[in-house]
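Remarks on the structure that follows.
One is the number of the first residue; the rest follow in order along the sequence.
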Amino acid sequence: MSFPLLTATAALPAVGAIATAAVPAARRTAAKWLALLVSLATLVLAVVILVRFDPGGARYQLTESHAWIADFGVRYDLGVDGIAAVLIALTALLIPFIVLAGWHDADPLETGSKRWRPTQGFFALILAVEAMVVISFASTDVFLFYIFFEAMLIPMYFLIGGFGDRAHEHGEETASTQRSYAAVKFLLYNLVGGLIMLAAVIGLYVVAGNFSLTEIVQARANGSLHMATSTERWLFLGFFFAFAVKAPLWPLHTWLPNAMQESTAPVAVLITAVVDKVGTFAMLRYCLQLFPEASKWATPVVLVLAVIGIIYGALLAVGQRDIKRLVAYASISHFGFIILGIFAMTSQGQSGATLYMVNHGISTAALMLVAGFLISRRGSRLIADYGGVQKVAPVLAGTFLIGGLATLSLPGLAPFVSEFLVLVGTFTRYPAIGIVATFGIVLAALYTLVLYQRTMTGPVKPEVSAMPDLRARELVVVAPLIVLLIFLGVYPKPVTDIVNPAVKQTMSDVHKTDPKPEAEAAK
C-alpha cells in the first residue's frame with residue numbers, strides 16, 4: 001500500500017492540535033513553537049502533493065479508498081485534482097504565517113481582566129481548522145465532505161467569540177458582547193446553509209444510491225443514472241445555498257463583516273483566505289459536476305448575484321471607517337469575481353476563478369496581517385485615528401501599500417492575472433455582465449488608495465509619532481507573501497499548468513465549450 005499522503009496532510013495538524021492543547025498552561029511559548037513546527041511540517045507535505053501531482057495524469061490522484069459506514073454507502077475516499085492540490089498548498093502555506101502573526105494574540109490579558117485567554121487553545125483551534133479544510137479539499141465522498149464542511153464551524157466559532165481584537169473603542173464588556181454576536185451570527189448562518197445541504201445530500205443518496213462523487217459523475221456521463229429535471233434543480237439549490245453562505249455571495253454575506261471586524265487579524269485571514277475558499281471550491285467540484293444541467297439553468301441568476309456582490313461590496317468598502325470592515329467588504333467584492341468566473345462557463349473564467357482563489361488568499365493575508373500589526377500599535381481600528389504613518393514606519397507603510405495595490409489588482413501583482421482571466425472569460429459569453437463587473441475594479445482603486453492616503457500620508461498624528469516599524473517576526477510574516485504576489489503576478493504559469501486540466505474536465509462535465517472568437521466565427 002502506498003503512503004497515504006492526503007490522510008497524513010490532514011492528520012498531522014489534527015494530531016498537532018491535540019498535542020498543542022495538551023501543553024501545560026505554564027508552557028505557553030512551547031505551545032506556540034509546537035503549533036508553528038506542525039504547520040511547517042504540514043506545508044512540507046503539501047509541497048510533496050504538488051510535486052507528485054501530474055497535470056497530465058488521471059483526474060483524481062493520490063487516491064485513498066476505505067470502507068467506512070458500509071450500510072449507507074459512505075466511504076473514506078480521498079483524491080485531488082489540480083484545483084484541490086493548489087488550494088491545499090495555499091492552506092498549508094498560510095497557516096504558518098497566521099501562527100506567527102498571532103504569536104501574542106492569545107497571551108494573557110492584564111491582571112484583573114474578566115477574560116481568560118488560553119494560549120494553547122488558540123493555536124490548537126487554528127490547527128484543527130487547517131486539518132478540516134485540507135480533508136474537505138481532498139474528499140471525493142459527498143458525505144465525508146459534508147461532515148468536515150460543517151465541523152470546521154466549531155473551532156471557527158470559538159476563535160471568533162473567544163479571541164477577539166484588543167483594539168476596541170467601547171471597552172472590554174461591550175467588545176465581548178459584540179464578539180459573541182459575531183460568532184453566533186457566523187455559526188447560525190452557516191448552520192442553516194449546512195442543514196439545507198444535508199437535506200440535499202440525503203436526496204442525492206436516494207437518487208444515486210451512494211455518496212461517491214466519481215461514481216455519480218461517471219454514471220451521469222454514461223447515462224446509467226438519470227435525474228428528473230426538477231429533482232436535479234432542487235438538489236443543486238440545496239448544495240449551492242450552503243456554498244453561497246460559506247463563500248459568501250450576496251445577499252448571504254452579512255455575517256462576514258461582523259466576523260472579520262471582531263476577530264484578531266490572523267483569524268480574519270483564516271476566515272476569508274482559507275475557510276471561505278471551501279465554498280467556492282465546492283461550487284466547482286460538486287455543483288457543476290453533480291448537477292451540470294441545473295448549474296446551466298441557474299447561471300443567469302448566479303451571474304447577476306455575483307455582479308451585485310462585486311459592486312455592492314466595493315461601494316460599501318468605500319464608505320467604511322473601520323479598517324477591518326473595509327477589507328471584509330473588499331473580500332465580498334472579490335468573491336463575486338470568483339463566482340462570476342466559475343459560472344461564466346468558460347475555460348478562461350474558471351481558470352481565472354481558481355487562480356483568483358489562490359491570489360486572493362495571498363493578497364488578503366498580506367493586507368490584513370499588516371493592518372493587524374498597524375492596529376496593534378495604535379490600539380484602534382478606525383481609519384480616522386491614523387495619519388502620516390509612512391514617515392515614522394516606512395517599511396510597514398510600504399508593505400501595506402503593496403498589499404493594497406494587490407487588492408485593487410494592479411498589473412504586475414498576482415490578482416491582476418486572475419481578475420483579467422475572469423473578465424475575459426465572462427465577456428466572451430456574457431459581454432454586458434463583463435462590462436458591469438469591470439466597474440468593481442474602478443471602485444477597488446478608490447477604496448484602496450483612499451485607505452492608504454488617510455492612514456499613511458499627511459501630517460503625523462501625535463498618537464502615531466512613536467510608532468515602531470515592522471519587527472523581525474513581522475517581516476518574516478509579510479516578506480514571503482509580498483514575494484509571492486510579485487512572482488505570481490509576473491509568472492502565474494506554475495499554478496495555471498496544474499489547474500487547467502481540471503478546468504477542462506469540469507467544462508466537459510457541464511457540456512460546455514468556449515465561444516469562438518468573432519474573427520474565427522466570421523470565417
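Closest approach of Ser136 to Met152, counting heavy atoms only: OG-CE, 3.4 Å. Residue Thr20 comes nearest to Ala124 through the heavy atom pair CG2-N, 4.0 Å, listed as atom of the first residue, atom of the second, then distance. Across every non-hydrogen atom of Gly425 and Gln348, the tightest pair is CA-CB, 3.9 Å. Of all heavy-atom pairs between Pro248 and Ile332, the closest is CG-CG1, 4.5 Å. Heavy-atom minimum distance, Val38 versus Pro13: CG1-CA, 3.8 Å. When all heavy atoms of Ala247 and Asp276 are compared, the pair lying nearest together is O-CB, 3.2 Å.
When the side-chain contact (heavy atoms from CB on, under 4.5 Å) test is applied to Leu443, the partners found at least two apart in sequence or on another chain are Ile311, Ala314, Leu315. In terms of the ring pair (Phe, Tyr, Trp, His ring centres under 6.0 Å) criterion, residue partners of Phe149 (sequence neighbours excluded) are, by chain and number, Phe145, Phe243. Every residue two or more places apart in sequence or in another chain that forms a ring pair (Phe, Tyr, Trp, His ring centres under 6.0 Å) with Phe186 is listed here: Trp255. Checked against salt bridge (charged side-chain N to carboxylate O under 4.0 Å, His left out), Asp469 has no partners two or more places apart in sequence or in another chain. Remark: Phe122 pairs with Phe163 by the ring pair (Phe, Tyr, Trp, His ring centres under 6.0 Å) rule, at least two apart or across chains. The salt bridge (charged side-chain N to carboxylate O under 4.0 Å, His left out) search around Lys32 returns Asp107, not counting sequence neighbours. Under the side-chain contact (heavy atoms from CB on, under 4.5 Å) criterion, Ser351 pairs with Asn500, Val503, not counting sequence neighbours. Residues that satisfy the ring pair (Phe, Tyr, Trp, His ring centres under 6.0 Å) test with Phe343, not counting sequence neighbours, are Phe240.
Put simply, the side chain of Val302 reaches to within 4.5 Å of the side chain of Ile339, judged on heavy atoms. You'll find the side chain of Phe137 stays beyond 4.5 Å of the side chain of Val80, heavy atoms only. When side chains are defined from C-beta on, Val44 does not count as touching Leu40, because their heavy atoms never get closer than 4.5 Å. Between Glu130 and Val274 there is no side-chain heavy-atom pair separated by less than 4.5 Å. Side-chain contact between Ser263 and Ile271 is present, with at least one heavy-atom pair separated by less than 4.5 Å. Residues Met197 and Tyr286 have side chains not in contact (no heavy-atom distance under 4.5 Å, counting atoms from C-beta outward). Annotation: side chain of Tyr452 is in contact with side chain of Gln390 (closest heavy-atom distance under 4.5 Å). Within the 4.5 Å cutoff, side-chain heavy atoms of Tyr386 are placed close to those of Ile323.
Within a 6.0 Å radius of CZ in Arg27, other residues, nucleotides and ligands contribute 12 heavy atoms or fewer.
Residue Ile98 is tested with Val269, Thr264, Val267, Val129 for a side chain to side chain contact (heavy atoms under 4.5 Å, CB included); the sole match is Val269.
Distance CG/Asp322 to CE/Met260: 10.0 Å, rounded to 0.5 Å. For the atom pair CZ of Phe416 and CG of Leu421, the computed distance is 9.0 Å after rounding to the nearest 0.5 Å. With values rounded to the nearest 0.5 angstrom, Asn258 atom CG is found 4.0 Å from Lys185 atom NZ. In this structure, Glu150 CD and Lys246 NZ are separated by 6.5 Å, a value rounded to the nearest 0.5 Å. With rounding to the nearest 0.5 angstrom, the CD atom of Glu262 is 10.5 Å from the OH atom of Tyr181. Considering CZ of Phe337 and CD1 of Ile310, their distance stands at 4.0 Å, rounded to 0.5 Å.
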Could you pull out all donor-acceptor pairs under 3.5 Å where a side-chain atom in residues 401-414 meets a protein atom, sequence neighbours excluded?
| residue | atom | partner | partner atom | Å |
| --- | --- | --- | --- | --- |
| Thr407 | OG1 | Gly403 | O | 3.0 |
| Ser409 | OG | Glu419 | OE1 | 3.0 |
| Ser409 | OG | Glu419 | OE2 | 3.3 |

Below 3.5 Å, can you tabulate the donor-acceptor pairs from side chains in residues 89-97 to any protein atom, sequence neighbours excluded?
| residue | atom | partner | partner atom | Å |
| --- | --- | --- | --- | --- |
| Thr91 | OG1 | Leu87 | O | 2.9 |

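Applying the salt bridge (charged side-chain N to carboxylate O under 4.0 Å, His left out) rule to pairs touching residues 484-493 yields Lys493-Asp497, sequence neighbours excluded. Residue pairs meeting the salt bridge (charged side-chain N to carboxylate O under 4.0 Å, His left out) criterion with at least one member in residues 348-377, sequence neighbours excluded: Arg377-Glu474.
The backbone N or O of Gly361 sits nowhere less than 3.5 Å from a side-chain atom of Thr364 that would complete a donor-acceptor pair. In this structure, Thr426 contributes its side chain and Leu423 its backbone to no donor-acceptor pair below 3.5 Å. The main-chain N or O of Leu396 is found under 3.5 Å from a side-chain atom of Thr399 such that the two form a donor-acceptor pair. When atom types are taken as modelled, the side chain of Arg429 and the backbone of Met345 share a donor-acceptor pair closer than 3.5 angstrom. Under the 3.5 Å distance criterion, the side-chain polar atoms of Tyr430 are left unmatched by any main-chain donor or acceptor of Pro300. Side chain of Lys324 to backbone of Ala371: no donor-acceptor contact under 3.5 angstrom is found. Without hydrogens or angle criteria, Arg378 side chain to Val464 main chain gives no donor-acceptor distance under 3.5 Å.
Relative orientation of the Trp103 and Phe123 rings is perpendicular, given thresholds of 30° and 60° on the angle between their planes.
Residues His253 and Tyr312 place their aromatic rings such that the two centres sit under 6.0 Å apart.
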Exercise. Go through the steps to decide whether Val318 and Val450 satisfy the test side-chain contact (heavy atoms from CB on, under 4.5 Å), and finish with yes or no.
Key: CA-CA 8 Å; Val318 171; Val450 168; over 6 Å; no
What verdict does the side-chain contact (heavy atoms from CB on, under 4.5 Å) test give for Val389 and Phe400, after you've listed the backbone C-alpha separation in whole Å, the side-chain angles of each residue and the deciding distance to 0.1 Å?
CA-CA 11 Å; Val389 173; Phe400 189 79; over 6 Å; no
Does Leu270 form a side-chain contact (heavy atoms from CB on, under 4.5 Å) with Met156? I'd like the steps, not just the answer.
CA-CA 9 Å; Leu270 188 64; Met156 286 306 309; 3.7 Å; yes
Passes side-chain contact (heavy atoms from CB on, under 4.5 Å), Leu355 versus Val499? Steps please.
CA-CA 8 Å; Leu355 189 59; Val499 304; 5.9 Å; no
